Structures are given as structure tokens and as C-alpha cells.
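Report on the following structure.
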Amino acid sequence: MNTTHYTNYDSINEAVVGFNDYCRTSSELGIGINHSKEALIAASQGFINDRQSFRYGLRSLYCTCQEEYPVFDKLFDIYWRKKKHTYSPTTRKKGSSNITKKSKGSVVMMGFGDTEKDEDQKEDARNVTGANRMESLKYTDFSKVSSIDNDLLDELVEKLLRQMNQRLKRRLSTSRDGRIDLRRTIRKNLSHGDDFVNLVKKNRRLEKYRLNILLDVSGSMDKYSFYLLKFIWSLKSNFRQIEAFIFSTKLVRITDHVDQAEVSMAMIQMSQHADNWSSGTKIGECLLDFNERYGKRVLNGKSITIILSDGLDTGDPEVLSTEVQKIKLRTNKLVWLNPLKGMKGYQPLAKGMKTALPLVDTFSSAHNLDSLLELENILSHV
Amino acid sequence: MIPEVTRLIERFDQLGYVVEEELATVLLLMLKLEKPLLLEGPPGVGKTEAAHIIANHLDTKLIRLQCYEGLDINSAVYEWNYQKQLLSIKINEEAQLTSEEKEAHIFSEDFLLKRPLLQAITATEKAPVLLIDEIDRADEEFEAFLLELLSAFQMSIPEMGTIKATHKPIVVLTSNRTRELSDALKRRCLYHWVEYPDFQKELNIIQKHLPELDQQLTSDLVRFVQYLRDLKLDKSPGIAESIDWANGLAALGARSLSEEYVKATLGCVLKSDNDIEYVKSQQLEEVLTNVE
């Protein structure tokens, strides 16, 4: 049965439930049985008598953020359209047929599955073998890690990133030293009458930071972006809150994709959403976009922002400088990781890098695992 | 528009509020479903006002909880009155009471300081409107705590047991979106995004607030504020700022929106140094003629 239109159902109630069903299967609005129940109440309360009122009512029920409004409106328009069309468009579910074709291309670009290149890389990686394979992996430049070592690297990454930093919170909890907690003290000493024998104290407790990561995936970063992305993914499982973005000429938020349990699946999903892998770089414009769209939400007093980029910029350095300044004002610590810094004799002479450098709190390399692990030190000294 | 919404808008109008159709529809649905409402939007667009509107409309008490980082149960729900407890312990020192009796005594309602959330739950007369303002500023732990309250409308005080709401309060939450709220919390609420008002709505609002202000000046002012919002400033002015500005101009006895007045009173409407500099650097004269 074609369930994309209300006329396919016999009664109003069924149609409303059908709409609920339609929204659930055709979109990613998190819709459950409760919604269906409440939509029915709304309909029976007379909201269904007017199209606009019904739309407003259901929209407040089904959406959980402003960004979902257009999605909902589209579904609503299709389902409750006045006249039935012979051709009914269906909103495509994510994860359906067109993935394979598109993802293949971009995944290759990420230096992942490109067999010919692999051969050379294997050679290079062998050349740096030391006494301990794990140890040597730590210092191998990402651009030279073979795909065989990939699994080992994963293991290592996960092991090493498990513990990350914490921060002091304003909230108080029981602790050895600090202010006296009157409430607990009174409770504990009731049996002693008015003599307080044991004092209970409270102090600030540690809390994890929020981490914002901006990863450059332009052509010049090609060799590194795959590993850096992996790095972001492993951070995700260790940090409570993380926001991840990739950029080249456009900025794309990938936080939701980083959430996946399986790293390669997440990669494929991410690559689909980023049609800008391996293109040029406009760091300034992308950061401007970041500040405008996400700045207020993700940059607040308890955040660390990491920009992973080689600083090879084709945009206006003026824009870059003001935008980096803006980020700096709103975050606790701004870290710029540059894979090129790992090269011998590297000087931050690139136009973009030069303008941004004075504004950055920490400028560090990111060409191998060891340098990424340095990050822990950086993060714990905020 | 269904007749009930029309009636509601009229009622709000009588009470002195300008409410557009969508918000009125959502407010109506909130009352029908008895579900909390989450209002999100930029600062100064009247999110808090919505709670006042509802409280006024239902002629009930508004209980407000302003959230901030570090907000904890003690300042949101309840606190024991320690000084009183200490005195009571001292007074009863000589009395032949067992420690259980003493405990029961000092942990009774007399020693309880009710904070907004507990007040809302124990309100006796009528269901109050509970406004939880700027929930995005509180931390996640507090959000998690709110979930319990919003789904069951009861809370437990270890010393006294569980307290159930006598009347289910009408809950309005607002957020400026400085952080993303948890899905669990959002799922329990109706959601409405409050946008900056359009020209006509803002004009109505300012006329409602300052009926004596010159008509031409009011509409110029609103057009100018609308122009400012298009400029992508660091802090776009909200309705609150427009009203402030109108008040400022009224206090100065302005008759028309001249460049001089704009420059002198720009601080009413723009709150960031950068923005003021930027707007002043624009060709104000040109802008003003365009605006008019």
C-alpha cells in the first residue's frame, strides 16, 4: 500500500498514525509511539480542522530543534497534500542504494583502499622498523603507515587515548578538603547532640572538557586526513562531549557520524556528507561559517578547540585572522596541530599559518601518533 | 487557524501581548497535552515573556528558576535551614528525646526552605506556571535531574520521602542554545523555535508598549532595527533592545529618527563595541533615508 498520503487510510485516526509511521520511516526525526498518541490527542482536540494549526501543532511535537523544521515541513506537505498525485516522491532514507557509488570515490581519495599506493607505503613503513614494532609505529609518519599496520595502530590509539584530561567544576561534592558541608555535617552528628565531632567537607570536582575539532581535509592534507579522522573518532569514545567538523572549501559538521560504533562505517558515512574531500582550502571562510552557525552553541567557557590543518590557505588571510581571533575569545584553549611541523626544517611561512600563529595558544605537530599523544599534555594544562 | 487559536490570540491581545499564530497554536497544544514546552531562539525575542503570558492568561502564579552553571539541588529544589536546625538542636539539648525523635524534628517541614522547583510542586491553590529559564546554562547533571521531575512531577527528599505534585505545573523551558540539550529532555517537551519578529509584529509590540511615541518614529525605528538584524552583527538586537531604544528616544523627546539621535542612543540597541563601531562607520545618512 502506498502510505505516503493520508487518503490511503480509512479514518482520521489511522491517517494520523500513518503520518507518524511515515515520518519515522522516511526521516531521522526521532519519533516514537508517544508521538503518535499525542498527535491523536492534538487531532481530536480540533487541531486537525485547520491545516496550518495542525502543522504548527505537530511540528512542535515532532521536532526537537530548529534544523528539523524543513524536514518536517516537507514530510507534512507530501503526506497532507490536498490532491493526490500519481507520482509521489519518497524521501530517501540515509543508508540506501546510492551510498556505494559515491563513497567508493571519496574513500579512495582519503588514502583508504587505494592498492597501488599501498604498495609503496608498505615499503616506506618497513624502512622505519625499530626494535619494537609498536614503538616504531608510534613514531612513523602517518603518510607512511602501511595498511597492514592499520589494525595495530588502531589498537595502540585506543589504548593510549583512554585517559584524557579533566577540569575543575563549580559544582561541589563531598571531599577531603574544602568548605564545610553543613547539611551532611548536621546529619552525621545528630547523635552527638550539638557537638560536631566529624566535619564533612565539600569541594569542586573534576569535569571533562568539551572538545571542538576542526579538521582540514583539503588536497594538501590528503595523506593525513584519514588518520586524523581516526584520531577524532577515538577521541569521541574518550571524551564526553565532542564536536567535530571537517572543512576544505566548505564546512561540514560530522559530529553525528563520529558517533558510530564502527570506525570504517563512520568513515563511509562521513565521506558521503563531505563532497569536498581533497579539494582546495579556504580556512578563513570555513571558520567564518563555523563561527556563524555553530560558534554560539559549541564555543563556551569550558571548551578546547583544536584545528588540524597544514595552514596552506588560498583564502583571504585577513578573514582567517579575525575568525581565529573570534574563536580564541570564546574558547579556553586554542590548539593548532599541523602535520607539516613534523618535517625537518619546517617554518610556518605559509600565508594562512603565519597570520594565525600569533593567536594560537599551542602550535604542535600531528604527523605521527606520538605527536598526537602529546595532545594529552597540552589538554591537561589548561 | 482554528477558532480556539483565534480566541487565544484575542485574549492575549487584551492582556497586552502580541502573539503570532504559531506560538499561540503551540501554547494551546501545550495546555491541551499538559506537556512541557521548550522555547529556543536568540536572546531577547520574548521567550521568557511567553511564560508570563500563560501565567497571566490562566491567572496563576509564575514561579521562575533562573539557571546558571553550577546550579544544584540546594538552590533549585530545597535546602534545610541550618541555622534554625542548629538552634533547635541546642534548645532540645536538655530535653529527653531520642536521637530519632530529634532527627524527625529538625527534618520536618518547618526547617525546609522551598526553592522554585519544590514550590511549583507543592503549590496548593492552582497549577502554577513554572519557568525554567536558560536551561542551557545549567549543567548536564541538572538536566538529568529535571527529567525525573518533568516526567513524574514528583521528587524525593531523603529525609522526608517522596513529594508528589498536588497540581501538575505548566512548565516552560527556555534556551539560548549555547549548548545542545539532551535528546531525552527534548523528547519530553513540545518544541518551538522563536524567531526575530517581522516588521508588523515588532511594530505592534512597540506600539503596545509605547502608545504615545510618534507613529512615524516608531516605524522608522523598527525598520532600522530590522536592518541591523540583517547586518550579521556579533549580537543582533532582540525585541527587548528595540523597546529599550524606543524608551530611550521617548525619554529624549525625539520626534524623528535623525542621525544625531541614532548615534547618541545606539548603545540602547547594540551591546557590543565592535558592532557599534561598525554601524557608526556605515553611511548612516544613507541608511536612514533608505529606512524611511
Side-chain angles (χ1 to χ4, degrees), chain A residues 30-32 34-35 37-38 41-42 44-50 52-69 169-173 182-183 185-187 189-196 204 207 210 240-241 243 255 291-292 296-303 326, chain B residues 1-5 21-26 28-30 32-33 35 37-38 40-42 68-72 74 79-80 82-83 85-86 89-90 92-93 99-100 102-103 106-107 136 139-142 158-159 176-181 183 185-193 195 232 234:
Chain A
I31 286 170
N34 249 351
H35 288 95
K37 195 178 105 197
E38 281 157 350
I41 298 175
S44 67
Q45 290 284 351
F47 282 83
I48 205 164
N49 295 336
D50 180 85
Q52 199 65 350
S53 297
F54 196 47
R55 174 198 299 267
Y56 288 152
L58 288 193
R59 189 156 78 180
S60 71
L61 203 55
Y62 283 24
C63 294
T64 56
C65 63
Q66 186 207 8
E67 283 74 21
E68 286 172 3
Y69 278 11
K169 257 189 103 163
R170 289 232 186 100
R171 224 165 219 248
L172 304 168
S173 64
L182 257 181
R183 173 188 181 141
T185 308
I186 290 181
R187 264 198 84 82
N189 291 285
L190 259 179
S191 51
H192 307 297
D194 62 339
D195 302 319
F196 288 160
R204 296 165 76 180
E207 192 202 44
R210 174 206 286 272
R240 207 167 61 161
Q241 273 194 315
E243 285 285 337
T255 308
N291 278 326
E292 257 175 29
K296 285 196 178 132
R297 255 190 295 165
V298 301
L299 293 175
N300 51 33
K302 42 182 174 175
S303 67
K326 269 190 208 162
Chain B
M1 213 190 300
I2 58 173
E4 270 180 293
V5 174
E21 187 192 339
E22 181 167 2
L23 181 58
T25 314
V26 175
L28 180 68
L29 188 65
M30 168 181 86
K32 295 262 183 208
L33 291 178
K35 214 178 166 185
L37 170 65
L38 170 65
E40 268 194 339
Y68 53 87
E69 203 201 323
L71 177 71
D72 59 2
N74 290 344
E79 174 93 296
W80 292 104
Y82 304 121
Q83 286 81 356
Q85 280 180 329
L86 287 175
I89 293 172
K90 199 83 186 157
N92 288 325
E93 206 177 4
S99 71
E100 282 80 30
K102 277 185 195 165
E103 179 166 345
I106 64 164
F107 289 117
D136 51 333
D139 36 28
E140 288 88 12
E141 289 87 346
F142 183 72
E159 294 88 352
N176 282 336
R177 235 186 179 190
T178 53
R179 71 175 172 87
E180 217 45 80
L181 301 175
D183 284 344
L185 182 72
K186 283 178 164 180
R187 216 175 309 122
R188 280 170 176 75
C189 303
L190 290 177
Y191 177 84
H192 178 62
W193 174 262
E195 205 29 270
K232 287 194 176 173
D234 285 353

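If you're wondering where the values come from, they're calculated on a predicted model, not measured in any experiment. First the proteins, then the strands, lettered A, B, ... as listed; each starts at 1. All values below were derived from every heavy atom in this structure, side-chain atoms included, with hydrogens, water molecules and symmetry-related copies excluded.
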Quick check on A/Glu243 against chain B: is it the side chain, the backbone, both or neither that has a heavy atom closer than 4.5 Å? neither
Select, from B/Leu28, B/Leu38, B/Asn92, B/Asp136, the one with the greatest count of heavy-atom pairs under 4.5 Å involving chain A. B/Leu28
Please look at B/Glu195 and chain A and tell me whether the side chain, the backbone, both or neither of the residue comes under 4.5 angstrom of a heavy atom of that chain. side chain
Does some side-chain heavy atom of B/Val5 sit less than 4.5 Å from a side-chain heavy atom of A/Tyr56? no
Do the non-hydrogen side-chain atoms of B/Met1 and A/Gln52 ever get within less than 4.5 Å of each other? no
From the list A/Glu68, A/Arg59, A/Gln66, side-chain contact (heavy atoms from CB on, under 4.5 Å) partner of B/Tyr191 resolves to A/Gln66
Proximal component of B/Glu22, with respect to chain A [non-hydrogen, under 4.5 Å]: both
So, does A/Ser53 use its side chain to make a donor-acceptor pair with the main chain of B/Ile2 at under 3.5 Å? yes
What part of B/Leu33 gets closer than 4.5 Å to chain A, counting heavy atoms only: side chain, backbone, both or neither? side chain
Per-residue contact mode, A/Tyr62 against chain B (heavy atom under 4.5 angstrom): neither
d(B/Asp234 CG, A/Asn291 CG) to nearest 0.5 Å is 9.5 Å
With a 4.0 Å cut-off, would you call B/Arg177 and A/Glu67 a salt bridge? yes
Given that the side chain runs from C-beta out, which part of B/Pro42 has a heavy atom under 4.5 Å from chain A: side chain, backbone, both or neither? neither
Identify the two heavy atoms, one from A/Ala42 and one from B/Leu29, that lie closest to each other, and give their separation to 0.1 Å. CB-CD1, 3.4 Å
Using salt bridge (charged side-chain N to carboxylate O under 4.0 Å, His left out) as the criterion, list what pairs up with B/Glu103, not counting sequence neighbours. A/Arg187
Quick one: OG1 on B/Thr25 to CG on A/Leu58, what's the gap to the nearest 0.5 Å? 11.0 Å
Just to verify, what does B/Lys32 make a side chain to side chain donor-acceptor pair (under 3.5 Å) with, not counting sequence neighbours? A/Gln45, B/Glu4
Side chain proximity check, B/Lys35 to A/Leu61, heavy atoms < 4.5 angstrom: yes
Compare all side-chain heavy atoms of A/Cys65 with those of B/Lys186 and state whether any distance is below 4.5 angstrom. yes
